[in-house]
Structure formats: structure tokens, C-alpha cells
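Worth saying up front: this structure is predicted, and the values here are computed from it rather than measured. Below, read A as the first sequence line, B as the second, and so on, with proteins coming before strands; counting in each chain starts at 1.
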Amino acid sequence: MDDVRMVERVVDTDARDIKFQCKDVQVFYGEKHAIKDVSVDLLDKTVTAFIGPSGCGKSTFLRCLNRMNDTIGIARVQGRMLLDGEDIYDRRVDPVQLRARVGMVFQKPNPFPKSIYDNVAYGPRIHGLARNRAELDEIVEKALRGAALWNEVKDRLGETGTGLSGGQQQRLCIARAVATAPEVLLMDEPCSALDPIATAQVEELIDELRATFSVVIVTHSMQQAARVSQKTAFFHLGNLVEYGDTDDIFTRPRDPRTESYISGRIG
Amino acid sequence: MDDVRMVERVVDTDARDIKFQCKDVQVFYGEKHAIKDVSVDLLDKTVTAFIGPSGCGKSTFLRCLNRMNDTIGIARVQGRMLLDGEDIYDRRVDPVQLRARVGMVFQKPNPFPKSIYDNVAYGPRIHGLARNRAELDEIVEKALRGAALWNEVKDRLGETGTGLSGGQQQRLCIARAVATAPEVLLMDEPCSALDPIATAQVEELIDELRATFSVVIVTHSMQQAARVSQKTAFFHLGNLVEYGDTDDIFTRPRDPRTESYISGRIG
Amino acid sequence: MSPFWITIAILALAALGYLLGRSRSVRLAGGDTRALHSRPTYHGWHVALFTALPALVLLALARLLQAPGWLAPAALALGVAGLAVALSRTAPQFRARNVVEQVVRGILIVCSLIAIATTVAIVLSLVFESLRFFRMYPWQDFFFGTEWTPSFGGGSELGMLPLLWGTLYISLIALLVAVPVGLYAAIYMSEYATPRVRSVVKPAIEVLAGIPTIVYGLFALVTVGPLLRDWIAQPLGLGSSGSSVMTAGLVMGMMLIPFVSSLSDDIINAVPQSLRDGSLAMGSTHSETIRQVVLPAALPGIVGAVLLAASRAIGETMIVVLGAGAMARISPNPFEAMTTITVKIVGQLTGDNDFASPETLVAFALGLTLFVMTLGLNVLALYIVRKYREQYE
Amino acid sequence: MTDVTSQPPRPVDPPAAPARRSLLIEDPRTRRRNAAERRFRAYGVVAIALAMGALVFLLFTIFRDGTSAFFQTYARIPIAIEAQVVDPAGNRDPAEMQKVLTMGYGKLLDNSLAAYVEANGIEIEGLDDRDLSSFFSAQARADLRNAVLANPELVGTVIEAPVMTSSRIDGMFKGRVSRESAAIDAKTSVAQYDLAMAMQERGDLQTRFNWDFVTSTDSSDNRPEAAGLGVAILGSFYMMLIVLVLSLPIGVAASIYLEEFAPKNRLTDLIEVNISNLAAVPSIVFGILGLAVFINFAGLPRSAPIVGGLVLTLMTLPTIIISTRAALKAVPPSIRDAALGVGASRMQTMFHHVLPLAMPGILTGTIIGLAQALGETAPLLLIGMVAFVTTYPSAPPEGFLDPASALPVQVFNWTQRADPAFFERASGAIIVLLVFLLAMNLLAITLRRKFERRW
Amino acid sequence: ARDQIQVAGSSTVLPYATIVAEAFAENMDFTAPVVEGGGTGAGLKQFCAGLGENTIDVANASRPIKEAELAECRANGVNNIMEVQFGYDGIVFASSINGPDFALTPQDVYKALAAEVVVDGKLVANPAATWADVNPALPAQEITAYVPGTKHGTREVFEEKVMAAGCETSGALEAMTVLSDADKAEEACVKLRTDGRSVDIDGDYTETLARIDSNPNGLGVFGLSFYENNTDKLKVATIDGVAPSVETVASGEYPVSRPLFFYVKKDHFGEIPGLKEFAEFFVADAIAGPGGPLSEYGLVPDPELARVQQAVAAETVVAAN
Ligand SMILES: Nc1ncnc2c1ncn2[C@@H]1O[C@H](COP(=O)(O)OP(=O)(O)OP(=O)(O)O)[C@@H](O)[C@H]1O
Ligand SMILES: Nc1ncnc2c1ncn2[C@@H]1O[C@H](COP(=O)(O)OP(=O)(O)OP(=O)(O)O)[C@@H](O)[C@H]1O
Ligand SMILES: [Mg+2]
Ligand SMILES: [Mg+2]
Ligand SMILES: O=P([O-])([O-])[O-]
């Protein structure tokens, strides 16, 4: 299959800065070539949606952006990824600092087996974002409100995070990531277990975050991509098939694969 | 809040048999009252959808139907649940036999740390559904095809199931449950991590299964509920607010809470 | 000042350094800790580590080399210098966390090197005496000899095969007792028992590991040995020895139960519940779930526990001395007295033999041989674990 | 791939509906499987029963044999401190009086006992001088001498203080010595037996709880009745302190490095195998090592708890490392991902999340490792801890360098001595050892219970 | 500096050394000595490791120091060694108190326990099953002997004074010399049978006692002092008609005995407080003489104790050669 390179088609950056510049990124899981030669520029103060069929490499690519792939023994990453012009795979880069700036919500909710409060307060604590307990409380409350979880858990902040329902856990993880105030937030299907109302609230949150940060979101819901994102990237079999303004992608897809994926839209 | 009891409103059973008859079911997690006085009859050869906001008790109720709540130390279940007229919480009932008849797909995909093949073959092996290796191969292939995963994994059946992408894991779990050929299949958000096409295929599978079995599906997608289910139950804060034909629920909700949940529809 | 008090002084200095580093970083950040690269505690640790580490290392060196007394005050001075340097480096953008973590990493490495150092030291302390032994006694006879009859006047036969046979035989029986019992106990405790039962049974079984081996030895000698002899060995015509491989193996197995049960119990308990749920929901019974899902996932830990038990079995002396007798011979009959390498190492090393004679030096050769053999065993175990490990999530 | 270009999946044939089965009736296959389940469970119960049975039996024998060590028989008779025996020069000069050795004080006791027998009109056939002189413990002479030297005023007076009887007399009140066995026992006689019984009848012999057994020092083979565990308890305590303080942090640190930070390569494999192999090194070899490294090379003293502690630390490390690594491995990777994802460093992830979750396993390793270290004798043989020490070590840190004994060594020692009274003491020492062990484990066990959780 | 004397070595001498150490600490103004067991060989090894605080001052031995050991001592700078023989240890055969009496001769023991005996001019595996097979005057009881393992000094004495002697008097030595050479024959004389009738005891006399407890047919080899402490459980056998006792051993009537020694580093005098006093105290009449605590425990006092005392006082060292 011949790759459709994106570089030459990169859309005008609208005077917005490029936050992430990725060039010829390749990811291998052992022998398996999971990401093939992907080049893409992600913009600042923008929501970018990654769409594509299951198993096409969205999560893999997302995990490259904050070097979470380092933790998978067999994963190898090649190519260059520049965050604000600095190569994040440079030997001098401290992945910890990188991840503090590039936060992540995982596809499978993974709350710590600690209290709800501690789950959210963990990031602010290690990064010293609060000067005192009151400030920390405030950060926690704000994050939980943002993730539309506050009302459900405000009376049980001391209970363990793993005792929550699936959707609640997912929102807890969102709150946890938001509380750390990253510059870039990577969200891997953040609303997959949420009901419509909670989804709307999270989407609202994403929209708010966009004012200051960039957000990258993986989603299977075309509607959601259309609602929240300004840019959309369509992945297929490890290739980045098409990348552009969300409107364009959904209304005038240039690649036949994009078109057939979008038109097969169901729900 | 005054409960809206469902018993008196149970819709005509259309000559279809009642598969599950639940009366006054209460579930507690320690002090927390998670399911309040739910009574509902689930029909045979029918797809029933459970909808409701996150944390309302859908998963909890679902887990009652095959006594998976037994594994949660602090969970207590009260009330009667009859499967084909037999109380599944009867002391003489063997939960093993029950669960062989009432299969389940969990909200968080939980593949075994075994090969893909062994994941699917696990159920048929313990239940002795295959006489020989060839039959087992056939069952595995059929289940994987049904779950729309066959094409992606047919060349790597020996690889471990935990190395799959999120959506692939979810489909693997569906295949695993289907391979055991249960009479009732409980699916907790089976399509949450699936792309539209895979979702369509799983929905097709559900529709096929309905010919012989009952399926209970938890979903946050109103559209999906409308597409695949004949009956819908709306849960709210641990109460079963409304239960009836899917068409009725979505077009003529009787309870204001149902109405507002459905009209707030977004995703 | 004695080294002890100097150490205390250095530690006190380090504690002071911690406080100073912390407050200085906060001050430099103008009270807003968010302006710091690293949390104030890391700045504190940074200063504390730089105060304590070089000074303590110097002190240890001085002690080891039995250097003159002035080194101790020098260590104190070094501590003060370290404090000053570290404090002066403190700045809002100073990467204190990275520095501290590098140092901690260094400490971790040093700790894991202790194991290597121990090995090297053991090999060294065995190798020279072993060489001495092999100069006096032909190695062929040692490795392939089937007679073990040391005697004072010289002319001893020092073949290790009978000892090796006894070692393997006794360890095998001990493991045949300890592994099934320990594993089933672990499974029962972690999977079936109520938390209350588990919280009583587990520490109780652990007491078995703490009972001095001499008690087991006497138990073997006085109770188990005669019992086996009178009820099994004699009626079956398998001999009339009160001490036997079987006696020692059974009793040793008893002692090893907690090694298998407690460690396995922890590991089994750590397998995520979602895996069990997944299996139970397919209609598998609890035991099927355990055998096919939980145990494979817990395999590395269980193998580790079994290895530990096996190691202990190989290294045990007292139970063998009292339970198995001291007869070096090769026989398939488990109701006969035999002995093990370890017993003979202890025996030859603490006896009345001339310490420069092959009869004593053979202990070192035995030790070295055992070391190499168990090394092989462990390589094999590592390979097996690598091959069959099922990593969850 | 759910690929638009690939052909749509073949529809699944609807599985044939199985015959309706009742939940209340087990089908044959389920019955078989449930039987297997019950068997499996029964194996577990049997395993636990076996382990507990072994424990109970061992404890029973230990307590049966050892309880009596905590009791000791004392006589209460008037003792005349005769001047011509203790102060032959007659000038009450302590320096002169010191020349009279303990052996000499035996005479005071013999005479007093003879006087007592006469005064009470006890008539026993065949009671001779030997019976009188071996009636009291040799320790009683030493005690008497110390009392007199400390207080020369006593010379010439008659004092009444409890006097420790010899092990055979003591044994008569613990069922160890009977009239029949006394008849053939070279160390006692029927006459002595009868005398003891007569004295007891008069209330002049009393068996009472014996704190000295726990607090006083070891004594020679001639006076088993006076032997105590004080030095051994202190020695064990010091050693365990060293072992705990060193082996737990070092073991955990090494495990953390190997499991979480070390690059996975040949070298770390080598280290891993090495560590497991160290667990299989017979403990006596650690003694050889300790002798070579700590005593001969580093110049630490023999018989010192510090050397014992260091050797036992090396011996305990593999146990702790193996269990800690297993526990660390068992923590699901998702927890690590979660922490790393919010920008925690690997160190922070480790110490904030993984380590607490691995804590139960670590503590188990510690419990087992320390139990093993506490009961170990063989390596101590070579570094001089199997010693007869009759002075208490001083307080740490200097005490770490003083000669001391250890509990298992004391047990080992006593079981080798000729007088059967020492066997009783050995069992008593085992009881103390177990109490020590339980006290040591209690903290770890409570901690472990706090950290246990499922996820 | 170390202020207590350190002693290590023979486990046979250990009880005596502890008795002396205890009395020494009680009666003199010195810190109590620290006494270790560990065996003669191990003790001498430490003793010969060198001079100085980290080495022991006194080594106990149940046999004289060997040439090779002396050489090692010298190589490590340990030159001025005082050898002190302070008494004798009798070695006895004893069986369960409930069993029959045994009146043994070295010849009986040899015939019962030798690995191979000469029958009709041929070497065959020892066929004797009961004591009566060996000597009709002995009880018809299964042969089961508990003999100290090869690590024990007692074993050497047993081999020399019982097995070799029995071998010779029974004429087996001659017969075997005919079959092979003299050295081989001597070796064969002291080889014990390995078919389970002779059991090596690697532990201590207490273990032998426990084994006799659990197997009433057993006959064990003990030290005299151990037997004396356990006469209610053990019945002692006569050798050549002589019953072992402190008196018969001292007089030389009872054949199986050995001298006991301790070795002192003269170079440590003055370094370690009380070392010389300890050596003198050890051999003082009040301690090692008849009626002293050592003989009370079972030591056979050296008839020539006075000469030993003089030698100690004069700090006589082992001659260099
Ligand atoms: N193991 C548990 N321990 C304690 N509380 C629990 C536990 N599991 C669920 N709950 C609580 O019970 C309530 C119902 O949970 P349940 O998982 O049934 O919700 P749900 O309807 O499935 O929600 P979602 O759509 O988010 O999965 C929630 O408030 C949840 O916090
Ligand atoms: N740890 C791993 N080891 C081996 N292969 C992996 C691993 N993780 C993912 N893969 C493979 O890499 C490919 C891309 O996976 P990825 O998780 O990026 O997919 P995805 O686009 O996120 O899919 P989904 O929507 O289903 O989550 C898949 O084929 C998957 O099987
Ligand atoms: Mg994914
Ligand atoms: Mg749910
Ligand atoms: O320790 P031994 O007395 O047997 O030399």
C-alpha cells in the first residue's frame, strides 16, 4: 500500500504556533511495524482529533507524544518529534519533565488504588502546584468539577478510586490529568464510557482547555470529533492518511480511505 | 425521591417467554445503596438495553444477573432473580453453572495474559464444547469472526491478548464470551472502544444472537440502544425509572427523568 | 571522638542541611514554590545527601584501611564542605530532583552490587583452599568417586557422588512435601479463606520458618524416624534404619512450607481481580480459574518461592544430621540413611581434623562445587520463567 | 482489520439452542467439575491442616519440654558463715578473703545442710557427705562468696537466704528424676532424693518462677541450674537490629534497581541468577566469608554481634531480594503508566505507588528472612558466636563489638551438654526464641495487613 | 584493646574449659574469658592464623598438635606456643540401661564392626549380624553401633585403641598382611562397615544418646564424663573386664583413653590481661587436681600435674625443630 504523505499537504497554520512537530515517526512493537512514517504538526491552542479504525495505531502514536512508549519494553520509536522546537527524544530530555508538560488520559481508566482525593491531588503534589492544603483542595475541586465528577464524589473523596463505576473512573482519570495543568493534554477516548450529559461536560472542558493549551483526543465518534476538534488526523493501518481542518476532513475528504471511513459512519 | 415502580407497567410479553424475572432487587456496597428496589422482567430472544447516566447502577445490576457481584467482598444483593423461573440466588444454585448459561462482557476489557487463541478457546475448553482440536479451531474462528476481529488477528493467534489495542481487546472479550455459547449474554458497553464499522459488526452479531438467546446490553449511545434493542430500561440513581419497548421509551417516555435524559441526547 | 559519634554528627549535619536547603530554595523562589524546578524537599535532600555521603564514605574508608585518626575529623570537615557547596548550588532552576534521583540511583546500584560483591567474595574465599585441596587430592577421584570415607591417618576416599546423591534425594523429597502443601495452602489462603482466617493462618505458618532447625532435627530423630521405621520401612522390608532420607526429607519439607506458602500467597493476591472476574464470568469454577488464569500469571513469583525453598533445602544441615544420619552412600532406597554435601562441609570444617589436610580442605571444594551446581539450577529456572511467564495487563 | 476494503465478515451461524436445563440440577459435566473444585479446595484445607498440625505438634513438644526451665527449686535453710572457712587469716581483709576460692565455700553449705538435717531430726539411711555436698548448686557457692566479699560483716553470722539446689534435686520436682532413676544415677542417690522430699514436706524446698533463666548468663557444665539466657538474648537482639537495619533497605534497594531501573541485559541476568544462587549457598559458607572478610580482613573482633549481624545480613539479603522482586513484578503496569502519565519520575512512581503495593511481599520476605537469620547457627560457628560468654555486652554501639552469644547458638550449645537438665533449658530457650520471633514479626505482620489490597 | 581471653577448639575439652573460665572469672579480677568449641582442627586453625587481638589466645585440643599445623603456625609468626596437657578423657561403650550387659574386648568390637574380615583366608564383607555371632558370650542382640563420625577426635582414638588393637589381637592383621601389603592391611583394620550396622554420628554425644533412646539395640561410644552424667540412662560395657572410671583410666587399667591439651600463645602474655594467670589457674590443684571441679565433672586428672604446673610457670614453649 503506498503511503499518503501528509507533509506537503499540511494546512496553513493560521498564525497559530506549531506545538508538536513530528517527522517520519516510525514505531515498532518488536517486529510489528505499528506506525509507519507519520509526519504531522500539531498546533498550539487547538484540539486535534485522531480518528481511525480500531488497531490502526492511534494510541501508539499518542503515547509517543509524551514518551509513554518508553515503558513498553519491545516498543521502538524512530523519527523526530519536536515540542516547541525541541526534540523530545533527545538524550538530554528528561521524560519526567516532558510528561509534566504533556499530560495523558489512558484508554483504559487506571485510577490509583488510593482515595479519590489523593488520585487527583497526586500530580499537583509532586509538581508543587499548591502552596498549602487549601489551594490543593481548590485544585482538586476544580479538576473534579471540570471532569463533571464533583457532584457524584464530593461526599466520598476519601473512598478509594477503584471502587467507582467505569464512567466515574474515566472521569477521575481526566480530572487527575487536568489537575496537573499540562500544556498539552493527550486523551485516549476520554468519553468512551460516559453518558451523553457527562460527555457534553467533558467536551465543554476540552473547549475551555483549548484557550490555553493544546489537546489531542482520540475518538471513535465522528460527531465528537466534529464537535470538539479544529484539526483531524485520520489513521489507517499505521499510516497517517489525511490531516487537516476538521471541517475539510468531514466534508471534503481527499483520500478515498478517509471518505469511506467517514461515510460508513454509524454512531 | 419517590421511586417509580416498574412492576405494574411491565409491557406485554408478546408471547415471548420471560427469561429473567427480577423482584425487588437491592444491592449495597457496604453502606452505599447502589440498586434500589428494582423489579424487571427480561425476555427471551430479545435484546434489552440498559441506559442511564454514569454511576447509576447499570453495571451493578448487570453483574447481579450472573452473580458476578459474589466476587466483590462488600457487595450484598437482596431480592429475587429468577432465571427460567429458578431463583439464581437459591442456595442450591451453582454459580458456575449459572455463569455458563449467562455470559458476560465486562466494561473494562480484561483479556487473559495468554495467547489470543487460548483466550477464546478458554471457555469452550472448560465446558467441553469441542471434541477435538479441529472443532475448537472452528469455534475460535467463528467467535473471532463474529466479534469482527478475525481479519486483524488471524496471523497472530499465538501472540498474547494483552498486546492488542484497546478496541481489539474489547472485541477479544466479546469473542471470548460468545465462544462459550451462553443462553443469556450480558454486555457492558461492548462497543465503547470500537470504531463505527466494528460497532456495526458487533451490533450485527448481537442481532444474530437474538435469534436464539437473550442479550442484555449496557450502552451510553442512545442510537445504539435504539438500533439493537427491543426493550430498554432506564436507570437513574439506582432506581429503574422506566422499562418498556425501546420505541416507546425513545418516542413517548412516561417519566420526566427519562425524557430529560433522552432529550439531552448528544453523542 | 569515636566513629560512632562522628557518624551521628554527620547525620545531624545532614539533617540541618536538609532544612537549610529546603528553606533556601523556598526563599530564592520568593515564597512561591511553583517557581522552582524541583520541590523544596528535593532541594533539602540534595543538600543532605551532599553533606552526608562523601563524609560517610570517607569515614568508612578510614575505618576499613585503619587509617590514622585525623581522617575522622577530616570527614566532618568534608561534610561541612559538602553542605556549603550544595547550598550554594541551590537555585530556583537547579534540577535538584534529577540530582537527588541520580544519587539515589547510584545508591540503588551500589546496593545491588553488594550481591555481586558477596558472590565474588564467596568464590574467592572458596577457590584458594579448593585449589590447595586439588593439589593434594586428584580431582577425578573427587568428582567421580563413589566412596566417601575420610579418615584421620590419610588415605581417605573423598568422592563427592554419594553426597551429591544424598543432597538431591533429600531436597527432592523435601520439595515434594513443601511445594504441594505450600502451594495449596497459599491458594487456599488467598483465594478461599476469609480474611480473618488468612490473617491468623498465614503468620502461624510463618512460625514454622522460625523454629530453630535443631527442633526439627530432634523431631525427626525422636518422632518421625522411629515412626517411619516401625510402620513403613520394616513392614515393607526396606531396612531398619531410624534415620533415613525420607525422615529428613519429610521434616525438612515441613520447615519449608512457609517459604512456598507465604511468598506465593502474596503473589497470588497481587493478580488483578479483573482476571479472575473474566474467567469466572465464562462459567469456570474457582479452581479452574486458579489453575488456568491466576497461577500462570503468578508464575514468576511462585517459581521464585520454590527456588528459595529448594535453596534452603540444599543448605540445611541440622535436620539432615539428625534425621538422615551421616552415612555417605548411593542407594535408591529412601529408608536408608544418607547425608548431604552441606552436612559434610560443616562436619569437615568444624571437626578435629588437621586443618591443612585434604580431609578439611575438601569442605571448600564441596562448597565450590555446590555453588557452581546451584548456579546451573538457577540459570535453568530463569530460562523456564522467561519462557512461560504470562505478563498481565 | 476492520477495513472497508476487506470483505464483510461471514455471518455467524446461530448456535443451536441447547436443551433447557434447570439451574438446580447439576448436569453431569458440572458435577464432575464441581467435584474437582471440591477436591481442589479440600487439598487446600488439607495443606493448611497439615501445616498447622505440624506447627501445633512442634509447639506442643517445645512447651512440654521447655516450660519447666522457667522454674527452679530453692532451699531455705540457715547458713552459718564460719569464720575459719571464709577468713582463715582472721583479719577480715578483703584481699586475704579473696584467696578463698568458690570451691572453698562449699564447705559452708555442706556444714549448714548437715546441721539442718540434724536440727530437724531427719533420719535418712545412707546419707553421706557426697549427697550433702552435691545437694546445692555450685552456683550457690559463688553467690555466697560474692555476698560475703561484698559484705564482710556477714562473717560469723547465720544467714537465711534462698539457696539454689543442684539440677538433680531440681529435677526431682519436675519429674525428671525419680526415686528409681536416682538409685542408678551417679550424680545423685536415693538418700538425696529422700532428703529432698523430706525438706519439701517441711516447706524448706520451693520451686518457683525463675527470672534468672531469662536474665542471667550462661554457666558451665557443672551448674546447669544456673544457666540463663541474658547474654544470648542481648546478642540476638543486637544482631537482629543490625540485620533489620541493613538487609531490609539494601535488599529493597537492590530489588528496585534490578527490577525497575537496570537495563535488561546479560549483566542484570547474571546478577539475578547470582542472587538466587546466593540463597542456595549453605549458611556455613557465609561463615567462611565472614571470617575471611570481616574478621581477618576488616579486623573486627571475634564473637561480636556486629560480625554476626553482617554475616546474617548477607545471608538474609537473597531472601528479601527474591521476594521483593517477585512482589514488584506483580504490580500491574497500568499503575506505573498512570503515575508516569501525570509526570511522576520513575523514582516517584516507584516510591509513591509501586513500593506500597509491593509492601506485603516485601514484608513477607523480611519476616521469613529474619526468622531464618534469628534461628541460624552454622555461620556463627566460624565467627566465634558459638561461645561461652559470661559477661553482658554493653549498650550499643560499643556493645556491637563486645563478645556475645545468640539464642540459637545457646540452644545448640545446651543440647550438646551432658547433663540432662540442659536439655530442658534448651527447650526453654527455644520458647524464648519463639517469643522473640513473634515479637519481631508482630510489627511486620500488622504492617503487612495494612498494605494488603486487591486491584 | 581486647581485655578478655579468647579460647577455642576441641568440643571434648570445651566443658572443662568453661568450668575453668567460670571459676576464673569468679575468683580473679579479670574479665571472663570467652570460650568457643568448634573442634580441635578448627580451633588450631584459628590459633595458627597469626598473632594479635583478632586471633585467639588459647586453643583446646583433644590430640597433640600436628607437624603440619605447627608449620602453619610458624609460617604465620606464631612461634612461642605452650603445650599444656591437663588430664585424660576416657572413652566408653554404653548401651541402653534396659538392655543386657556387655563385656567387650577390642577383638569383639573389631569383629563386629570391621568392614571386611578374613574368613578362610579371604577378605569378605563382615557377615556378623548379632553380637553373639562375634562372641557367643555376648548377648544375641542385633549389632547396631553408634560411632563418632570422622570429624571427631574420639573416632581416631577408637580406631587406634579398639579397632587396630582388636585387629591385631584377633590375628586379622596378619592374615590381611598376607593378602596385601602392611599399610593396606592397617588401613583395612580400621575401616568400619557401611551396611548400616555401624552408624557414624556427626553430631554430639547427646545425639548418640538420643539414637540409643530411639533404638534400644544400639551400642554407643561416649566420653567418660558424658556417661557419668547419664548413668540413669546408660549401661556401660567393660573392656577386657575393666569397668571405666576416673580411677581405672588414671591407673591405665582401662585401655581406651586419650590425653587432653590446651595450647597458649606466649606472645600474648602481657598483651591480653590474665592470660598467664588463666593457664596457671587451669592446671592448679584446686581446679584440675583430684576432687576439683574438673574431676567432679569427669576429667581424669593427670597424675603428673605438678610437672605440668611447673612447665606453665616457667612458660616452656614447644621446641622449634
Ligand atoms: N466495588 C464498588 N465498591 C463501592 N462502590 C461501588 C463499587 N462499584 C460501584 N460502586 C458504586 O455504585 C454505583 C453504581 O455503580 P455502577 O458501576 O453500577 O455504575 P454504572 O451505571 O455502571 O456506571 P458507568 O456507566 O459509569 O459504568 C456508583 O456510584 C459506584 O460509585
Ligand atoms: N504492547 C503491544 N505489543 C504488541 N503489539 C501492540 C501493543 N500495543 C499495540 N499493539 C499493536 O499495535 C497496533 C496499534 O495499536 P494501538 O493500540 O495503537 O491501536 P489503536 O488505534 O489505539 O486502536 P483502538 O482504537 O482499538 O484502541 C495494533 O495492531 C496492536 O495490536
Ligand atoms: Mg487505542
Ligand atoms: Mg458501568
Ligand atoms: O572436638 P573434639 O574434642 O572431638 O576434638
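For C:Pro195, no part lies under 4.5 angstrom from a heavy atom of chain B.
Scanning all heavy atoms of the two residues, the minimum distance from B:Val96 to C:Ser284 falls at CG2-O, 3.9 Å.
Between C:Arg276 and B:Thr71 the shortest side-chain heavy-atom distance does not fall below 4.5 Å. Inter-residue side-chain proximity for C:Asp277 and B:Arg63 is flagged as met; some heavy-atom pair is nearer than 4.5 Å.
The CE atom of C:Met282 sits 8.5 Å away from the CG atom of B:Asn119 when rounded to the nearest 0.5 Å. Between the CZ atom in B:Arg99 and the OG1 atom in C:Thr285 there is a gap of 10.5 Å [rounded to 0.5 Å].
Counting only residues at least two apart or in different chains, side-chain hydrogen bond (donor to acceptor under 3.5 Å, both in side chains) contacts with residues 256-268 of chain C comprise C:Arg198-C:Asp265, C:Lys202-C:Asp265, C:Lys202-C:Asp266, C:Glu206-C:Ser262, C:Asp266-D:Thr364. Within the structure, ring-ring contact (aromatic ring centres under 6.0 Å, His included) contacts touching residues 152-173 of chain B (residues at least two apart or in different chains) do not occur.
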What side-chain donor-acceptor pairs closer than 3.5 Å can you find for residues 102-116 of chain B, not counting sequence neighbours?
residue, atom, partner, partner atom, Å
B:Gln107, OE1, B:Ser59, OG, 3.1
B:Gln107, NE2, B:Glu189, OE2, 3.0
B:Lys108, NZ, A:Pro109, O, 2.9
B:Lys108, NZ, A:Gln169, OE1, 3.2
B:Asn110, OD1, B:Arg176, NH2, 2.9
B:Asn110, ND2, C:Ser274, O, 2.9
B:Lys114, NZ, C:Gln292, O, 2.5
B:Ser115, OG, B:Asp118, N, 3.1
B:Ser115, OG, B:Asp118, OD2, 3.4

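Contact annotation for residues 126-138 of chain B against chain C (heavy-atom separation below 4.5 Å, listed by residue number): B:Ile126, B:His127.
In this structure, B:Arg80 places its CZ atom where only 12 or fewer heavy-atom neighbours from other residues, nucleotides or ligands lie under 6.0 Å away.
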